[in-house]
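Note that this is a predicted model, so its numbers are computed, not measured.
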Amino acid sequence: MIEVTILDRDPSYIMDLVRELRALGYNQGKDFDFAYRPARWDNFSGDAVYNRSTVFSFYNEEVASWFSLKYTQ
């Protein structure tokens with residue numbers, strides 16, 4: 001399994017990526033999975049403990065490489 005992390009993108013952008021993968025014929029659970037992690041804030045200081053991110057997990061190295069080149073900069 002190869003993981004590719006997308007940093008600081010909102011859920012609607014992430015769902016567009018998922019729809020694109022599905023339109024290309026990739027199946028969630030077989031070819032890829034993803035997990036969205038919302039930002040978390042320190043309630044005392046107001047600073048971000050960590051920013052939002054999404055981890056895409058791919059079960060094929062070629063697909064992971066293509067996705068990484070296309071969507072991570």
### Query
Where is the tightest heavy-atom contact between L7 and S53, given as atom of each residue plus distance?
CD2-CB, 3.9 Å
#### Entry: Minimum heavy-atom distance between A64 and I2, given as atom pair plus value
CB-CG2, 3.6 Å
### Query
Under 6.0 Å between ring centres, would you say that holds for F56 and F34?
yes
#### Entry: Test of ring centre spacing under 6.0 Å for F32 and Y59
no
Rounded distance [0.5 Å steps], [atom1] in [X] versus [atom2] in [Y]:
X   : Y   : atom1 : atom2 : value
S57 : M1  : OG    : CE    : 5.0 Å
S68 : E61 : OG    : CD    : 11.5 Å
N27 : D33 : CG    : CG    : 11.0 Å
S12 : R19 : OG    : CZ    : 8.5 Å

### Message
Using the rule given for side-chain contact (heavy atoms from CB on, under 4.5 Å), can you reason through Y13 versus Y71, listing the C-alpha separation, both sets of side-chain angles and the distance that settles it, and then say yes or no?
### Response
CA-CA 11 Å; Y13 177 83; Y71 293 110; 3.7 Å; yes
Close side-chain approach of [X] and [Y], heavy atoms under 4.5 Å:
X   : Y   : answer
T5  : T54 : no
W66 : L24 : yes
E20 : M15 : no

### Summary
Across all chains, not counting sequence neighbours, the side-chain contact (heavy atoms from CB on, under 4.5 Å) partners of N60 are E62, V63
#### Entry: Residues in salt bridge (Lys or Arg N to Asp or Glu O under 4.0 Å) contact with D8, at least two apart in sequence or another chain
R52
### Query
Which ILVMFWY residues can you reach from V55 by hopping between side chains whose heavy atoms are under 4.5 Å apart?
none
### Task
Following the transitive rule for hydrophobic clusters with a side-chain heavy-atom cut-off under 4.5 Å over Ile, Leu, Val, Met, Phe, Trp and Tyr, establish whether Y26 and I6 coincide in one cluster.
yes
